[in-house]
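First comes the structure, then the notes that go with it.
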Amino acid sequence: MKAPQFAYRAPRSIKEAVTALAESEGMGKILAGGQSLVPTMNFRLARPDMLIDINRISELDFARPENGKLRIGALTRHAAFERPFFEGPLARLLADVVQHIAHVPIRTRGTFTGSLAHADPASEWCLVACTLDAEMVAHSLEGERIIPAAEYFVTTLTTALTENELLVEARLPLLDDSWKHGFCEFNRRAGDFALSMSLVALKIENGRIAEARIGIGGVEDKPVRAPDAEAYLIGKTGEAADRVEAARLASEGIQPMDDMHAPADYRRDLTRAMVRRALERALAR
Amino acid sequence: MNYIGRSVKRLEDLPLITGRGRFAADISFPNQVYMRVVRSPFAHGKLGPIDLSEALAQEGVVAIWTGKDVVDIPHIGFRLTKLADLEPYRQTILAQDRVRYVGEPIAVVFAESQAQAEDAAEVVFAEIDDLPVVIRAIDPVGEFLPGRTTEASVVRKAYGDIDDAFRRAAHVIELELYVGRHSGIPMETRGAIARFDESRQVLEMHGAAKVPHWNRATISKLLGLPLEGMHLYEGHVGGGFGIRGEVYPEDVLTCLAALRLKRPVKWIEDRKEHLLAANHSRDQHHRIRAAIDENGFILGIDDDFFTDQGGYVRTHAATVTDLACAMLPGPYVIPAYRAAGHIRLTNKTPAGTYRAPGRYETTFVRERLLDAVGHKVGIDPIEVRRRNLIPLDKIPFARGLDTLGTEVTYDSGDYFGLMDQALQRVGYEDMKKAAAERRAKGELVGIGVGYFVEKSGLGPMDEVDISVDEDGHVRVITGVASIGQGVETSMAQICAERLGASIDKITVIHGQTDLIGHGMGAFASRVTVMTGSAIYIGAGQLRERALQAAASLLQVPEAELEIDEGVISRKGQVPGPSVTLGDVVRALRPGSTLLNGNDPGLKTVAQFTADHMTYPYGFHIGQVRIDPETCGIEIEKYLVAYDIGKSINPMLVEGQLVGGACQGIGGALYEQFVYDEQGQPLATSFMDYVMPTITEMPWVDTLVREDAPSPLNPLGVKGAGEGGTNAVGATLAGAIDEALQMPGAITSLPVGPATIYNLLKKKRAA
Ligand SMILES: Cc1cc2nc3c(=O)[nH]c(=O)nc-3n(C[C@H](O)[C@H](O)[C@H](O)COP(=O)(O)OP(=O)(O)OC[C@H]3O[C@@H](n4cnc5c(N)ncnc54)[C@H](O)[C@@H]3O)c2cc1C
């Protein structure tokens with residue numbers, strides 16, 4: 001359980017960090033909270049030649065609403081979201097979701113953007129980014145690049161980030177008060193990666209659903225949306241029959257993985273329940 | 001003062017809860033080298049040349065050994081239930097010409113640091129030619145060695161006329177049942193630190209646990225050392241559960257290296273290694289038939305079962321299979337019985353004992369059978385058990401079987417009584433009604449029960465050495481081990497009460513082979529029965545000697561004296577003239593006129609011997625709720641009722657039962673070492689080997705009774721270690737069946753959401 005040898009850098013600025021990344025010629029890795037990277041190195045499944053520790057880059061340490069977006073800097077830990085630090089439905093959504101990520105010690109180190117960079121298919125933050133159409137802000141020696149969520153997630157542990165890019169920030173749309181959210185996940189033990197989960201955000205106008213966002217995680221190789229179910233809900237009140245039908249549509253649109261913890265057909269039916277329950281929770285708010 | 005029967009707080013806890021524990025990894029010696037084991041990546045193959053050139057060239061490497069460097073070291077032998085049949089299946093400390101499981105040691109690297117050892121181990125390359133694998137014990141037997149099959153032995157036990165039972169049967173019930181592969185996963189992984197002390201010419205091994213004396217004898221013999229040339233030392237131990245503290249290849253390698261390299265050698269197992277290399281357990285497949293009459297009385301049981309032994313037979317030899325054969329009949333009459341336990345080698349990690357070995361499995365099998373019998377004749381799970389329980393007037397009950405070299409005789413017990421009290425405790429009739437009402441409303445709720453007889457207090461002998469010093473401090477040297485179960489506290493309680501000393505002045509020593517010549521260690525729920533009784537006897541002797549001496553010192557007849565908290569005075573006369581235990585020791589210095597031909601001081605070596613084990617028993621009842629959509633199982637209620645004969649420390653007993661139940665739940669619902677068809681283990685980290693945590697644990701209620709003290713020891717005590725684990729699989733299986741309204745649905749453990757999903761699908765299709 002000792003990692004292979006590596007060189008270690010602790011840059012003080014984004015500039016220094018991306019320079020180090022470029023110099024490592026693809027063999028360097030960013031060290032953020034270390035909650036995924038360090039275990040994989042100790043198991044010798046990851047063997048970067050160089051670790052570029054971003055924890056001392058103070059310009060990455062911020063999280064604030066600005067111009068209709070929540071800007072989450074790369075040193076924002078999971079635990080920052082446990083108590084809402086700004087007003088509105090998005091703060092409540094994040095506070096709700098964060099409780100399902102791992103355990104307290106991991107939440108105090110792991111970072112929001114680290115989860116996005118790691119891109120585990122069952123990551124809650126990846127599901128949030130997918131469902132709310134987040135924007136990922138990446139820096140390299142070539143400058144800044146903004147990647148929309150729809151293009152960002154590629155497959156298991158793979159994103160659109162290049163090996164020279166540092167994810168400096170993620171931006172989530174601040175939801176106005178007409179939005180309600182619901183989240184539901186199932187795992188065998190509290191804190192484990194979910195076997196299936198769903199995040200729902202609904203914009204309600206005059207008692208009807210004006211906009212629907214339904215995300216599903218832990219089921220395919222990356223978080224996915226349920227476009228048929230989203231379209232179906234527009235104009236509906238969200239009564240029981242609507243929820244059941246939306247959940248059915250969502251579960252039929254997925255291609256679930258099959259592994260030793262959950263066979264594919266089980267994951268599909270489980271997803272139907274997760275979407276329906278997430279809708280129920282959203283509408284009960 | 002009365003100490004026995006009180007929930008005295010654990011004397012051993014202060015260093016543990018203040019971060020000053022001394023576990024194996026905390027022990028280091030100057031100039032030590034670190035050992036790293038290179039393990040087979042294949043499940044079965046011919047071992048070809050091993051290329052060490054790259055590894056030897058790495059920085060910090062001191063030495064690397066392969067099988068040929070240790071050919072002179074014999075196989076590791078058997079500690080219990082030795083069968084000659086099994087000897088060809090013993091493991092060598094490094095693979096010689098075949099590998100038989102993923103994780104088998106094939107080479108070992110010694111280096112100046114842990115990281116260097118791991119770096120070098122990674123570039124040791126062995127050529128291994130695949131051989132066909134056997135993955136399940138019920139698969140066709142394969143070849144272990146040319147001319148030797150993978151069926152090492154068959155353990156057979158029987159009594160009564162089984163053929164006649166089946167001839168007279170109104171019904172025959174046949175079940176095929178399986179308990180999955182899981183094991184004890186102590187918080188502390190294994191570890192060994194060995195060094196040769198040139199000044200004493202003694203090889204020391206630190207990090208010992210469970211059975212230090214046996215391990216000392218075994219390792220010294222394997223290494224060709226005289227017994228006096230080796231000692232083992234136990235520090236804090238982070239859990240045992242049967243698997244920790246046996247002699248494993250790594251222990252012998254560490255000791256051998258200390259001799260050969262002439263430097264201290266440290267080996268600390270990592271978690272992945274632990275899941276691959278320490279004993280697995282359970283993994284038993286039963287084909288059971290029962291002959292019953294029209295009322296649900298069992299006339300006879302015929303069981304054919306298969307123990308998946310894994311790649312080798314380790315120190316436990318036939319123990320698990322033997323216990324399974326002997327303990328399967330449980331608390332029921334069962335006039336005729338026949339069992340055949342096949343010990344089958346497979347290409348998985350070798351298996352041994354784990355908390356309630358052979359009983360967790362057979363209680364699952366027997367209680368599944370009882371549920372099936374009840375269903376067959378249309379009676380309640382409680383009624384079918386009542387019809388088969390051994391009545392009070394048949395106790396002591398000679399089972400007609402033997403195990404671990406002793407006859408199975410249930411020494412005391414009121415089986416009807418305990419079940420009735422348990423049912424009353426949970427309000428069974430109301431509980432049943434409420435569950436039925438909830439089911440009528442569409443909920444999936446069910447209740448299950450499991451009854452069992454445990455065994456404890458394996459002899460033949462335990463010895464203690466008790467002495468009081470001139471300050472009145474009492475030192476109790478035992479030959480047992482403390483694997484976290486509270487040995488120091490309960491042993492001190494017995495000594496304090498019996499001797500009349502203050503518990504604060506008692507030190508209990510365990511696991512130090514240089515302080516006491518004999519010791520059987522801590523396993524099979526034996527410590528409190530055997531060592532506790534020896535302390536009871538020894539402390540009683542010292543009490544008498546102290547009173548005799550005090551009678552002379554105080555000029556008061558012995559019969560009028562009492563001793564309490566280390567102070568001897570005239571009964572009922574406090575304050576008044578008195579002497580302390582320390583005063584007595586001073587008065588009994590060598591040459592004292594008070595000695596009357598006795599040895600000086602207050603010290604004794606006392607023994608307790610037992611030819612028979614003592615048999616506690618218990619009854620579990622649990623209620624589960626299943627979520628029909630997520631297929632998650634929630635345990636809503638759980639009770640462990642247990643008759644312990646005499647409870648030395650109720651808090652510790654309760655802790656044993658609740659902790660044991662947690663492990664039982666793990667085996668029933670979560671934990672499994674899954675293998676693929678090539679014999680590759682799929683559960684090699686805590687991501688995939690799913691253990692229940694505090695968030696999954698239900699509130700476990702306990703009902704500890706002392707209705708049937710053991711007649712076999714002076715305290716009347718029976719063991720507490722395994723009763724919490726024993727019947728959990730059985731109980732939850734019954735509860736899940738009822739929740740699903742599918743009698744007999746659960747035939748295999750563990751039950752995860754995927755199992756429930758498939759059962760519900762089957763039910764909807766029907
Ligand atoms: C026991 C356990 C349970 C867990 N359970 C969950 C769970 O239920 N849900 C969940 O979502 N997660 C879970 N996790 C993972 C945890 O949330 C991690 O913290 C997270 O996945 C990674 O964030 P980090 O900051 O620790 O990243 P690190 O571990 O430091 O890095 C992870 C990867 O991302 C890269 N990286 C990190 N930051 C950046 C950046 N700014 N730019 C470019 N690349 C970057 C690293 O190079 C590395 O490849 C669990 C972890 C453990 C150990």
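Letters A, B, ... mirror the listed sequences (proteins, then strands); counts begin at 1.
- Interface remark: B:Leu669 contributes backbone atoms only to the contact with chain A (heavy atom separation under 4.5 Å).
- With a threshold of 4.5 angstrom between heavy atoms, A:Arg267 does not approach chain B through any atom at all.
- Here A:Arg276 does not pair with A:Glu245 in a salt bridge; the nearest charged N to carboxylate O distance is not below 4.0 Å.
- Heavy atoms closer than 4.5 Å to chain B are found in both the backbone and the side chain of A:Ala190.
- Note on B:Asp308 versus B:Lys348: salt bridge recorded, some NZ/NE/NH1/NH2 to OD/OE distance being below 4.0 Å.
- Comment: A:Arg268 does not engage A:Glu252 in a salt bridge, judged by the lack of any side-chain N to carboxylate O separation of less than 4.0 angstrom.
- When ring centroids are compared, A:Phe112 and A:Phe81 come within the 6.0 Å threshold.
- No close placement of the B:Phe110 and B:Tyr34 rings is indicated, their centers lying 6.0 Å or farther apart.
- Listed options A:Asp192, A:Asn42, A:Asp265 were ranked by heavy-atom pairs under 4.5 angstrom with chain B; first place goes to A:Asp265.
- A salt bridge links B:Glu188 to B:Arg244: one of the charged nitrogens lies within less than 4.0 Å of a carboxylate oxygen.
- In this structure, the side chain of A:Ser198 does not engage the main chain of A:Cys184 through any donor-acceptor pair within 3.5 Å.
- Neither the backbone nor the side chain of A:Arg272 comes within less than 4.5 Å of any heavy atom of chain B.
- Interface residue A:Met260: only side-chain heavy atoms are found under 4.5 Å from chain B.
- Contacts between B:Glu118 and chain A at a heavy-atom distance below 4.5 Å involve backbone atoms as well as side-chain atoms.
- With chain A as the partner, the residue from B:Thr630, B:Thr693, B:Asp119 showing the most heavy-atom pairs under 4.5 Å is B:Thr630.
- Residue B:Arg181 forms a side chain to side chain donor-acceptor pair (under 3.5 Å) with just one option from B:Glu671, B:His280, B:Gln672, and that option is B:His280.
- Heavy atoms closer than 4.5 Å to chain B are found nowhere in A:Asp259, neither backbone nor side chain.
- Of the two parts of A:Tyr266, the backbone and the side chain both hold a non-hydrogen atom closer than 4.5 Å to a non-hydrogen atom of chain B.
- For B:Thr695, the part lying near chain A is the side chain, with the backbone staying farther off; criterion is any non-hydrogen pair under 4.5 Å.
- Ranked by non-hydrogen atom pairs under 4.5 Å with chain A, the options B:Met687, B:Lys272, B:Glu122 are led by B:Glu122.
- Of the atoms belonging to B:Val674, it is side-chain heavy atoms, and not backbone ones, that fall under 4.5 Å from chain A.
- B:Tyr248 carries B:Arg190 over the face of its six-membered ring, with the cationic atom under 6.0 Å from the centre and within 45° of the normal.
- Looking at B:Asp627, the atoms closer than 4.5 Å to chain A (heavy atoms on both sides) all sit in the side chain, from C-beta outward.
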